[in-house]
> 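Before anything else, here's the structure in question.
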Amino acid sequence: MKRKAKKLPASKSAEEVENSDPSSHGEEEEDEEELPTPSKATKTEDHASEESVPRPQKLSKGELYKPPTAEELHQLKEAESLFHCNLLKMQMEELLKEVVLSERRKRLVDSFIMKIKALLQNVPQTREVELNDHSWISEGVKVPFLWVPKTTKGKFHMAPPASVSLVGSYPLGTCTKPSVSDASLSQGTPSRTRTPDPPESRTRSNLLCHRAPPIPETVVFKENCNAAGAGLMYSNSLTVKIHVYPPPGFFKPSLFHPKRNNVRTHWYTGLEAPQPGEIGPPTPHYNSSLLGDVLPKAHLQFLSAISAQCSAFGEAVALLKVWLRQRQLDRGAGCFSGFVGSMLVAYLLSSHRVSNSMTAYQLLRNSLHFLASTDLTKNGITLAKNPDSKPTLHEFHSTFQVVFVDPSGYLNLCADMTANTYKQVQNEASLSLQFWDDPTVDGFQALLMTPKPLIRTCDHVFQLHGLVKLQASCKKLNLLGELMDHGGDYVLTALPFILSLLQLGLGKRIHLLTHSLTADPEWSVDSEPPKHKDQTPLSFGLLLNPEHSSSVLERGPPADSPEAAEFRQLWGPRAELRRFQDGAITEAVLWGGSSACQKRLVPREIITHLLQLHADIPESCVRYVGGLFDDVIKIGRRSCSTGEEESLKVVQSFDDLSRKLWQLEDLPLSITSVQAAHPALRYTQVFPPVPQKLDYSFFEQDKQSRALVPHKDKPCPVFIPPLQVICHMEGSGKWPHERLAIRHVKAAFHIRLGELLRKQHMYTCSTTPTHVDVYKDGLIFRIQVAYHREPQVLRESIGPDGLLRYRDNEEAQALEMETLHRPYLTSTLHGLQQQHPSFGVTCRLAKRWLAAQLFSDEVDEDAADLLVASLFLQPVPFTPPSSPQVGFLRFLHLLSSFDWKNCPLVVNFNSQLTASDYVEIKNNFIASRESLPVMFIATPKDKKVSIWTKQGPSVQVGWEVSELPDKLSDHKNPAFFFCLTKWVCFLLW
């Protein structure tokens with residue numbers, strides 16, 4: 001039978017093919033192999049052909065139970081030693097199958113590349129013209145270069161390319177889906193004489209203009225990740241990049257020494273010619289950009305030789321690319337691209353740090369370990385075999401922030417990478433290694449399947465708008481030489497200096513300062529190239545250090561020390577002399593802020609001050625987002641507090657009451673524990689109670705009960721919510737064994753507690769049979785006596801045969817929840833708040849959102865607190881949130897992305913659950929899934945039932961809770977942060 005090939009629809013655009021889900025490609029391939037419906041005329045032939053189809057062979061008993069071969073044993077041993085289980089190995093194998101190009105896709109790529117090659121080789125020759133003369137360019141094509149300065153000497157003519165070579169990751173076999181954009185054609189220009197004055201990028205831009213018209217497919221210009229120029233990008237059902245490079249031997253390698261100048265200052269600035277013998281400033285970035293166009297073929301040959309020696313090289317590079325893509329580190333100027341990752345793996349193999357026989361899994365692990373342990377900002381590495389005759393690593397370090405030298409010995413592969421970007425790579429690698437071997441974490445999901453956008457990774461985010469202001473920054477920072485080195489791109493010129501300034505000013509307040517990588521701009525060939533000021537705003541992220549980030553005092557060196565002058569120069573007029581309690585007189589800076597929410601924004605005050613002082617960037621250009629949601633949980637209309645201080649007062653008052661309860665005398669039985677059982681006593685009450693002073697003129701005394709009741713002729717007094725406190729009494733043989741008798745004893749204890757508190761501490765108390773209310777510090781504490789055996793007594797019943805039976809019931813479960821589970825949860829979450837100060841505010845934001853969406857009746861406060869607690873206890877692949885803002889965003893993402901149907905959410909308090917406990921929870925969950933709640937939350941004290949979500953949400957509400965965050969906001973988009981009005985209205989709705 002012949003198989004019918006399925007044609008690719010002509011209407012399907014390149015973007016649709018590039019950005020489609022990898023799994024969809026497999027479905028297309030399966031569709032290609034669908035058999036046509038047989039007609040009547042072919043039934044006989046089909047029947048005959050079916051007889052020739054091989055049938056499954058029946059194996060004998062000996063063959064069925066045949067012992068494993070040596071190769072199978074080796075694979076089993078490898079899986080046991082390298083992976084937590086066979087599942088992780090299979091997951092990685094399946095991932096590689098998904099990201100590697102299929103044979104059908106490769107045939108498509110090869111066909112399109114041959115078509116492009118043929119067109120490029122038939123480009124006609126042009127007449128010789130001046131470089132400034134653009135009259136020869138075809139109509140509808142614009143020069144892809146900002147022609148500044150406009151005066152350039154030299155002549156130019158176009159001839160067919162000497163050669164057209166395929167370079168990049170595609171011929172190497174490391175090209176990955178979903179976007180096949182690493183197939184690059186490098187076309188060599190014919191030999192010609194180099195003119196002395198114009199930069200090489202102008203000649204290259206003219207060449208690209210001449211190459212653009214012959215291609216009928218979608219053609220755009222795309223700027224390279226350097227400052228030298230642009231390249232052509234052709235799109236059909238994939239993306240092919242066209243680069244222009246000079247013929248072999250055209251440039252001497254010594255021309256690209258990082259200390260050498262290749263851009264004449266007088267030509268660039270338009271000033272007078274320099275004096276004889278005067279040498280301009282070095283142009284290392286410009287040199288690197290030119291050298292990067294000369295060496296693609298040499299790099300491909302080097303990587304191909306390494307790949308031939310190590311069979312797992314391609315798979316390891318593919319996994320590393322996936323890891324980089326999920327962390328948004330492989331795109332934009334100065335990125336840690338897939339090419340740099342390939343070179344890193346090649347360096348480890350060539351330097352014998354890893355073995356050629358290692359698997360892709362081992363190579364990826366060793367690559368991340370090398371990144372985490374090696375600081376290329378201080379100790380660069382080189383692939384050159386004879387580095388003595390070439391620029392030294394010290395010379396590279398004096399001109400570049402990150403150093404990784406290619407095999408030629410002259411090109412720094414990380415020339416445009418900032419130190420902060422590499423620190424981010426290091427931090428991500430270190431985090432990945434931390435949870436890699438943790439058996440309680442789904443390492444594959446966290447390592448390779450979870451995206452980490454800037455808005456959910458960093459605690460605070462800010463953007464720089466009005467990038468044209470960076471021109472003034474370059475002038476004030478005296479960066480003329482650097483500006484010339486970057487081809488006039490003042491954004492890339494000023495960025496490293498701004499990062500260094502902020503890093504110095506923030507100091508110990510942050511663990512990491514990151515920034516978004518400027519995307520490579522694309523524009524149509526008939527459009528002018530975008531200007532630097534038209535770039536997207538620069539985004540920065542801060543990973544805060546909770547111990548120091550909120551400090552309002554920046555204490556400097558002593559006034560008579562040499563460092564005092566540097567301190568005053570850094571902080572300007574904000575620096576002042578201060579005398580401290582220890583008698584020291586030092587330089588210091590005092591920032592504003594009295595409440596916790598104001599102190600959280602001290603980094604914003606530091607950033608705006610330093611940018612204004614040193615870079616002439618006004619505060620209006622800085623959009624800082626660190627307390628976006630504070631307004632929705634503020635206490636009172638005029639107050640600037642978000643409730644942390646009020647929660648602290650409540651907890652302190654409870655602690656004082658607890659000590660006094662322990663010290664009470666003349667009780668029949670001693671108190672064994674006093675436990676809080678209210679959200680306000682664990683810092684998670686949305687609006688914590690504010691102490692109120694009673695105005696007795698609003699009350700009158702009831703004649704019968706002698707209780708205070710609201711006065712008829714006056715407004716209703718303020719309501720003070722009671723805070724529940726569970727007081728456990730010691731066990732004794734005097735406790736009765738009947739329900740009613742136990743309640744009577746508890747009522748007697750309530751009366752006695754009220755009398756003693758009134759007598760010994762002069763507290764106002766109101767006693768009832770079920771509790772005693774204590775008015776203290778403007779708050780009401782509702783003390784409830786508990787007996788540990790009471791739930792067991794409630795489960796006891798005597799059957800018709802007179803035997804004692806135990807049967808669970810709702811009354812016993814409710815009492816157990818009230819006196820055992822909730823107090824334990826409150827004390828545990830209180831401890832979590834002590835470790836992570838932003839936990840309480842994050843819980844309050846989460847419950848504020850649930851209430852605003854009318855979900856608070858379905859998802860109660862305890863369940864919401866557990867959902868947030870999971871983000872702090874198991875934050876992988878992130879770090880624990882250090883700001884309420886990022887914690888709330890991760891809460892929304894958890895609701896929308898967690899697979900509640902197939903996975904239990906495990907909240908591992910105090911690391912009490914082991915790997916075997918996780919397996920037990922998972923197995924019990926799978927076995928009993930139909931009878932379990934929609935949202936299953938397991939804790940060390942509740943592994944099988946999920947008592948916190950037993951009453952809700954329902955299936956429909958659970959679906960709505962998980963779908964609503966994606967419906968109402970695209971919180972994966974960085975612009976989401978700056979739509980303040982939309983989000984505040986959304987929360988308050």
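Quick caveat, the model's predicted, so the values are computed rather than measured.
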> Answer with yes or no whether the side chains of T440 and D438 bring together a donor and an acceptor at under 3.5 Å.
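A pair is found: one side chain offers a donor N or O, the other an acceptor, under 3.5 Å apart.
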> In terms of ring plane angle, is the pair F462 and F540 parallel, tilted or perpendicular, where the classes change at 30° and 60°?
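Aromatic pair F462/F540 classed parallel.
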> Got a salt bridge between R574 and E605, using NZ or NE/NH1/NH2 to carboxylate O under 4.0 Å?
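Looking at R574 and E605, the cut-off is met.
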> Between the main-chain N or O of N420 and the side-chain N or O of H515, is there a donor-acceptor pair closer than 3.5 Å?
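Flag not set: sc H515 to bb N420 has no pair under 3.5 Å.
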> Between H285 and F400, does the ring centroid distance fall short of 6.0 Å?
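Close enough - the centres of the two rings lie under 6.0 Å apart.
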> Does either side chain, that of Q401 or that of T418, offer a donor lying less than 3.5 Å from an acceptor on the other one?
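No, no side-chain donor-acceptor contact under 3.5 Å.
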> Any non-hydrogen side-chain atom of N908 less than 4.5 Å from a side-chain atom of L873?
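When only atoms from C-beta onward are counted, L873 and N908 do not touch, as no gap falls below 4.5 Å.
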> Scan side-chain atoms only and decide if W900 and S962 contain a donor-acceptor pair under the 3.5 Å cut-off.
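Absent: no donor and acceptor within the cut-off.
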> Any side-chain heavy atom of K423 within less than 4.5 Å of one from D375?
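Yes; the side chains approach each other to less than 4.5 Å.
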> Using modelled atom types and a 3.5 Å cut-off, is there a donor and acceptor pairing between side-chain atoms of S896 and backbone atoms of H893?
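A pair under 3.5 Å: yes.
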> Under 3.5 Å, is there a donor-acceptor pair between the E646 and S641 side chains?
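Yes, side-chain donor-acceptor contact under 3.5 Å.
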> Decide salt bridge (Lys or Arg N to Asp or Glu O under 4.0 Å) for D860 and K847; before the verdict, give the C-alpha distance in whole Å, the side-chain angles of both, and the deciding distance to 0.1 Å.
CA-CA 9 Å; D860 63 13; K847 290 189 281 191; over 6 Å; no
> Would E547 and R509 pass as an ion pair if we require N to O under 4.0 Å?
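Judged by the 4.0 Å cut-off on N to carboxylate O distance, E547 and R509 do not form a salt bridge.
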> Are any of the side-chain nitrogens in K475 or D616 under 4.0 Å away from the carboxylate oxygens of its partner?
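So K475 does not pair with D616 through a salt bridge.
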> Among T684, T828, T826, exactly one meets side chain to side chain donor-acceptor pair (under 3.5 Å) together with D865. Which residue is that?
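The option that passes is T684.
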> Within a strict 4.5 Å, meaning less than it, do heavy atoms of the H369 and S373 side chains meet?
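SC-SC contact between H369 and S373 confirmed.
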> Please step through salt bridge (Lys or Arg N to Asp or Glu O under 4.0 Å) for the pair K508 and E554, ending with a clear verdict.
CA-CA 10 Å; K508 295 181 179 180; E554 190 78 29; over 6 Å; no
> Are any non-hydrogen side-chain atoms of W323 and S432 less than 4.5 angstrom apart?
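When only atoms from C-beta onward are counted, S432 and W323 do touch, with a gap below 4.5 Å.
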> Within 45° of the axis and under 6.0 Å from the centre of the six-membered ring of F878, does NZ or CZ of R456 qualify?
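Cation-pi check for R456 and F878: fails.
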> Centres of the Y683 and F839 rings: under 6.0 Å?
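That pair fails the under 6.0 Å test.
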> Compare all side-chain heavy atoms of V461 with those of Y624 and state whether any distance is below 4.5 angstrom.
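Side-chain contact under 4.5 Å: no.
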> Can R568 and E563 be counted as an ion pair, charged N to O under 4.0 angstrom?
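Looking at R568 and E563, the cut-off is not met.
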> Side chain to side chain contact (heavy atoms under 4.5 Å, CB included), that's the test. Do D459 and Q885 meet it? Break it down for me.
CA-CA 7 Å; D459 299 307; Q885 175 178 277; over 6 Å; no
> Classify the angle between the aromatic ring planes of F872 and H836 as parallel (below 30°), tilted (30 to 60°) or perpendicular (above 60°).
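Correct class here is tilted.
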> Quick check: do P603 and L542 have side-chain heavy atoms less than 4.5 Å from each other?
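They are in contact (side-chain heavy atoms under 4.5 Å apart), so the answer is yes.
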> Is the W591 to W571 ring centre distance short of 6.0 Å?
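Ring-ring flag for W591/W571: true, centres closer than 6.0 Å.
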> Does the side chain to side chain contact (heavy atoms under 4.5 Å, CB included) test come out yes or no for T457 and V886, once each step is laid out?
CA-CA 7 Å; T457 302; V886 71; over 6 Å; no
> Pairs under 3.5 angstrom only: tabulate donor-acceptor contacts from the side chains of residues 446-453 to other protein residues two or more places apart or in another chain.
unit_1 : atom_1 : unit_2 : atom_2 : d
T450   : OG1    : Q445   : O      : 2.7
K452   : NZ     : E428   : OE1    : 2.7
K452   : NZ     : E428   : OE2    : 3.0
K452   : NZ     : P877   : O      : 2.8

> Applying the side-chain contact (heavy atoms from CB on, under 4.5 Å) criterion to M935, which one of L905, L866, L895 satisfies it?
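Option passing the side-chain contact (heavy atoms from CB on, under 4.5 Å) with M935: L895.
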